[in-house]
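Below: one structure, written as structure tokens.
Chain letters run A, B, ... following the sequence lines, proteins first, then strands; residues in each count from 1. Note that the structure is predicted; figures quoted are calculated from it, not measured. The analysis underlying the following values was restricted to heavy atoms, covering all of them including side chains, and did not include hydrogens, waters or symmetry mates.
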Amino acid sequence: MNENYIAEARNVVKIFGKNKSEAEKMMKKGLGKDEVYKKTGATVALWDINMKIKKKEIFVIIGLSGSGKSTMIRMFNQILKPTSGEIIVEGQNVEKLKGKELRNLRRKKISMVFQNFGLLTHRNVIDNVAYGLEVRGVPKKERLKEAEKFITMVGLEGLGDQQISSLSGGMKQRVGIARALLNSPDVLLMDEPFSALDPLVRKEMQFELLSIQRKLEKTIIFITHDINEAFKLGDRVAIMHDGVVVQSGTPEEMSTNPVNDYVREFIEGADMSMVLKVKNVMFTPLCMVRENVSAANAVREMRENQVSSAYAIAEDMTFLGIITLDNAIKARQEKLPLFSLLTKGIPVTGEEILLKDVMSKAVEAKFPIAVVGDRGKLKGIVSRASVLSSLS
Amino acid sequence: MNWDFLYKFPESLQIGSGEAIDIAVKAFSRNHRETLRMIKSVILSSINSVYYLLEVIPWALLILIVAYLGWKASKKKYVGLLFAGMLFFIGMAGLWSSMLETVSMVIVAVFISILLGFPIGILVAMSKRASAIIRPVLDLMQTMPAFVYLVPAVILFSPGKTPALIATTIYAIVPMIRMTNLGITHVDGEMVEAGSAFGSTKLQLLSKIQVPQAMPSIMAGINQTIMMAMSMVVTCALIGANGLGMEILLATNRVEMGKALMPGIAIVILAIILDRLTQGLIEKGVPAE
Ligand SMILES: Nc1ncnc2c1ncn2[C@@H]1O[C@H](COP(=O)(O)OP(=O)(O)O)[C@@H](O)[C@H]1O
Ligand SMILES: [Mg+2]
């Protein structure tokens with residue numbers, strides 16, 4: 001067991017309905033899910049799933065409706081049991097847990113947030129949030145005090161005695177998140193938690209989830225059918241289709257290297273500026289000049305490469321600024337040192353920066369912006385054209 | 001040619017089914033005399049205790065209590081007044097103690113129905129096997145004419161309040177079981193899932209989520225149970241249960257239309273009051289935890 005992984009699915013199969021073993025045999029022979037359903041009446045919801053979730057990452061499972069996402073996430077807390085395969089959480093084989101052990105897993109290690117909130121409408125906000133401690137038998141005073149803390153954390157301070165029906169959708173899901181955080185679980189399962197919310201509220205909630213995650217450092221398994229949400233939140237993403245994982249990896253890996261047309265089509269709708277980094281679109285400048293080069297050489301080089309400016313670097317590749325063709329010609333005529341006419345204040349950025357964060361800089365800048373690495377060394381440049389073309 | 005054999009079912013093919021059952025029931029009654037006597041005394045003493053409890057309340061106070069409840073349940077003052085007027089009318093018709101007799105039987109029958117029907121309803125909702133056994137029995141109980149189980153009850157306990165109460169309970173428990181079961185099985189799936197996901201035991205799931213959520217349905221079941229008990233208690237006059245039903249029966253036998261009308265009206269009044277009061281309870285919705 002690798003210490004970096006907190007949860008793992010190994011060859012997990014889930015079949016609903018009768019004739020499970022027959023259905024499994026047919027799948028092994030390579031029949032399709034639909035065919036198996038027609039012949040046996042059994043629904044193969046998950047087929048041979050392998051997943052490894054790292055500690056403290058947000059692992060997103062994405063896929064169309066019916067692809068098996070909800071079934072998969074329910075394996076981790078054993079709300080659903082796998083037909084075959086293993087689920088490991090913190091080194092424990094969780095299907096082997098029974099009764100009290102299983103309850104303890106659910107009470108202390110892993111908790112869940114639901115698409116339609118799953119709040120208890122006969123209770124007020126604070127009694128909903130305190131539920132996890134209540135079933136553990138924590139005295140009322142203590143659990144309400146604890147619940148109050150988390151109600152404040154999700155921005156619902158003072159609303160503890162409100163009835164659930166009086167809350168907006170976004171507020172309801174805040175209650176759901178507070179309830180899930182209360183047990184201080186290591187793993188948070190979130191089954192399309194923001195899908196029922198309208199777009200503006202959704203953005204707000206995504207932002208808050210990220211800030212809570214930064215503060216509390218939970219491991220989150222997050223389900224969505226929205227590729228932008230997946231790429232925005234996910235450290236790593238797994239795409240599911242018809243009960244199997246088609247591809248998993250970082251958003252960047254997935255968008256730069258989709259394994260098949262299904263993945264390609266899926267991420268077509270994605271806003272790539274959220275995913276792609278500067279290093280994915282930067283290129284080497286056609287013309288660079290070093291400190292000791294003569295003005296005449298600089299002019300010639302620029303003319304040969306048909307560019308109107310050159311990137312000036314020190315001997316050790318430190319980025320200094322830009323020499324324009326006009327300035328180089330002026331230096332040659334007036335016999336000035338070339339670098340005295342350096343244009344400074346060129347915007348710079350780093351390789352690992354997301355495109356969305358350099359977009360406005362790149363679009364407004366007069367020259368392609370410089371990408372610098374350690375100690376200001378020039379790595380490449382990003383032009384307006386390269387940013388815009390990578391996004392379409 | 002004599003075609004008679006086509007129109008008369010041959011006697012040789014008839015079985016003495018009725019007799020056989022008759023004999024079986026009688027044998028049972030003989031063999032379990034002690035148990036039956038005990039059941040009888042428990043039932044009779046509960047009905048009587050409730051009756052005495054109602055009787056010690058001064059009639060004016062009872063009217064006031066019902067008026068107050070009517071006002072609270074409907075949130076309208078005139079409803080309270082109306083209830084008071086209607087009860088007063090029953091007293092004027094000389095039916096006060098008959099009414100108390102009917103009501104005390106209804107109360108005991110409803111109490112037993114809730115006591116048994118609630119857990120059975122939960123059992124049916126939780127266990128597929130229990131559901132497979134109990135559902136057909138419920139269907140049978142509901143479709144069979146009430147008279148059919150009056151008869152064995154009478155054979156076992158001899159005419160009077162005891163068989164009447166048992167028949168009433170069998171009749172009235174059905175909606176209690178059905179509505180409890182319905183309420184529990186219709187609890188939002190995500191809510192139950194959430195309960196499990198946070199580590200509830202089965203009992204916690206039931207007491208903290210399923211039953212509170214099923215409360216409106218359970219309340220509606222109680223309301224239906226009361227109404228059915230009411231109608232059956234009246235029918236049970238046929239097997240010797242005293243009360244408003246008996247008044248009607250006696251008057252009808254003597255072809256005294258006017259005398260039969262009064263207890264008839266009293267029954268309607270009682271039904272309306274019981275229905276409205278329990279409806280009010282339902283509309284108050286799920287009680288907070
Ligand atoms: N309890 C169940 N009984 C039978 N089939 C089910 C059950 N739950 C899910 N399924 C089937 O399994 C498949 C995957 O469902 P689900 O995991 O809910 O997908 P998703 O969450 O991606 O929409 C679907 O074909 C669905 O019909
Ligand atoms: Mg789903």
Checklist entry - So with a 6.0 Å cut-off around NZ of A/Lys81, is the heavy-atom count from everything else above 12? => result yes

Item to check | Within residues 178-191 of chain A, residues adjacent to chain B where the heavy-atom gap is under 4.5 Å | outcome: A/Arg179, A/Ala180, A/Asn183

Checklist outcome for this item: When every non-hydrogen atom of A/Ile79 is compared with those of B/Ala197, the smallest separation belongs to CD1-N, 3.7 Å

Item to check | Distance (rounded to the nearest 0.5 Å) between A/Thr121 OG1 and B/Asp188 CG | outcome: 8.0 Å

Next on the checklist: So, taking the atom named CD in A/Gln78 and the one named OG in B/Ser196, what distance separates them when rounded to the nearest 0.5 Å?
Outcome noted: 12.5 Å

Item to check | Distance, nearest 0.5 Å, that separates CZ of A/Phe114 from CE of B/Met191 | outcome: 11.0 Å

Next on the checklist: If we ignore hydrogens and angles and just use 3.5 Å, is the side chain of A/His122 paired with the main-chain N or O of B/Ala214 as donor and acceptor?
Outcome noted: no

Next on the checklist: How close do A/Val135 and B/Phe198 get, counting heavy atoms only, and between which atoms?
Outcome noted: CG2-O, 3.4 Å

Item to check | More than 12 heavy atoms from other groups under 6.0 Å of NZ on A/Lys56 | outcome: no

Checklist entry - Can you check whether A/Arg123 reaches B/Lys208 side chain to side chain, under 4.5 Å on heavy atoms? => result yes

Item to check | B/Ala194 to A/Gly118 - nearest heavy-atom pair and separation | outcome: CB-O, 3.5 Å

Item to check | Contacting moiety of A/Gln115, where chain B heavy atoms sit under 4.5 Å | outcome: both

Item to check | Other residues, nucleotides, ligands: >12 heavy atoms within 6.0 Å of A/Phe16 CZ | outcome: yes

Checklist entry - Quick one: what part of A/Tyr131 sits under 4.5 Å from any heavy atom of chain B, side chain, backbone, both or neither? => result side chain

Checklist outcome for this item: In terms of heavy-atom contacts, B/Gln213 and A/Leu120 come closest through NE2-C, 4.3 Å

Checklist entry - In terms of heavy-atom pairs under 4.5 Å, which option from A/Asn77, A/Asn104, A/Asn116 contacts chain B the most? => result A/Asn116

Checklist outcome for this item: Bottom line for A/Leu102: the part with an atom under 4.5 Å from chain B's heavy atoms is neither

